[in-house]
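Okay, structure first, notes after.
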Amino acid sequence: MSKFLIDKYASLEAYTPGEQPRDMQYVKLNTNESPYPASPGVVAGISAEEVARLNLYPDPECKLLKEKLAAHYGVGYENIFVSNGSDEILSFAFMAFCSEQTGAVFPNISYGFYKVYGDLYGVDYTQAKLREDFTIDVNDYIGVNKTVVIANPNAPTGLSLSVEDIGRICASNPDNVVLIDEAYIDFGGKSCVGLVGKYDNLLVVRTYSKSRSMAGARLGFAIASKEIIGDLNRIKYSTNPYNINRLTLIAGAAAIDDNDYYADCCKKVAATREYAKSRLTDLGFTYLDSVANFIFARSDKIDGGEYYRKLKQNGVLVRHFSDPLISDFVRITVGTREQMDILFEKTEKILSEV
Ligand code: PMP
């Protein structure tokens, strides 16, 4: 830390992204990426001509991409916001809608970045405890008079809330934003996008990083009332108007045209997830009944941290969290069937040695 850093950031505990090692070729099941490549239309869209046009700034309005998203999700153009990954929307939303006065509430076990943004922006947040079975107790979010932030499905549990429950949360907090982070919704949960017309406080956040195979392009989007979208634009135009690069804008629009390709990828991931659950059962693991593209699993035979380390030695990366509430578990991203079979082969070997 330099002597120049201002005091309020000195104690900030930054988010730790999942490791991206370059030392060897791992079976990479640790950051919930799609195992499938970007679609043919996306690959074709990033032509040599478009690369050559990188001398020009991108469209700050992101018009074409927003038009495609609005048509695809059946909402108005003014209901769409796009960003450099969905993390950027989360950052803007914490900046715009949370403070020391307007607190926030999110689950104690959830996406780790909520807490980091809460700390970064000096938010008075509370972390509502999940139930013993790792489900969210909706009552913790009813009439709280704070900004509500919930990942649905939740991460790293993979468990989801119903659209009705999200509607109840919105209805009971009319003076606060309810941010529903649907990063993993395309793999099985039910989206609440249909509620945006009904609740002007609902902010639905989505990403291209998982179900649209574009984690490397950095593209997220939000769907909400035009007033909330206006607020996000106010922050964007006060920080970085060109927040999405030219190539990502092209890729994002092309991906909407290739929707069938991505729907098929999601179907394959969901089928592999169910296959993986049955293999985990056979190996004596217990797991939460995820509807996302990852499974949160544990075994009585091996500690979560040890299992993670042994898998890594065997060339398979999964994610382990040191938080004692969940340190028994590992989070396994659902890859291709072949990748999962390698995971299970290595797991059998590891278990036979402990
Ligand atoms: N929300 C959740 C719940 C996530 O797990 C992630 C991925 N780490 C994100 C948002 C951010 O994804 P991205 O910035 O790649 O869109």
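What you are looking at is a predicted structure, and each value in this text was computed from that prediction instead of being measured. Both counts, for ligands and for their atoms, begin at 1 and track the order of listing. Only this structure's heavy atoms are used, side chains among them; waters, hydrogens and symmetry mates stay out. The residues of the chain are indexed from 1 along the displayed sequence.
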Who passes side chain to side chain contact (heavy atoms under 4.5 Å, CB included) against Asn240, sequence neighbours left out? Tyr242, Asn243
Cluster companions of Leu54 among Ile, Leu, Val, Met, Phe, Trp, Tyr (side-chain spacing under 4.5 Å): Ile46, Val51, Leu247, Ile250
I'd like to know if Asp264 and Lys267 make a salt bridge, using a cut-off of under 4.0 Å between side-chain N and carboxylate O. no
Could you name the protein residues that come within less than 4.0 Å of ligand 1, counting only heavy atoms, and order them by chain and residue number? Gly85, Ser86, Asp87, Tyr111, Asp181, Ala183, Tyr184, Thr207, Ser209, Lys210, Arg218
Pairs satisfying ring-ring contact (aromatic ring centres under 6.0 Å, His included), at least one member in residues 140-181, at least two apart: none
Salt bridge check: are Glu33 and Lys28 linked by an N-O gap of less than 4.0 Å? yes
Establish whether Met95 and Val178 are linked, either directly or via other cluster members, by ILVMFWY side-chain heavy-atom contacts under 4.5 Å. no
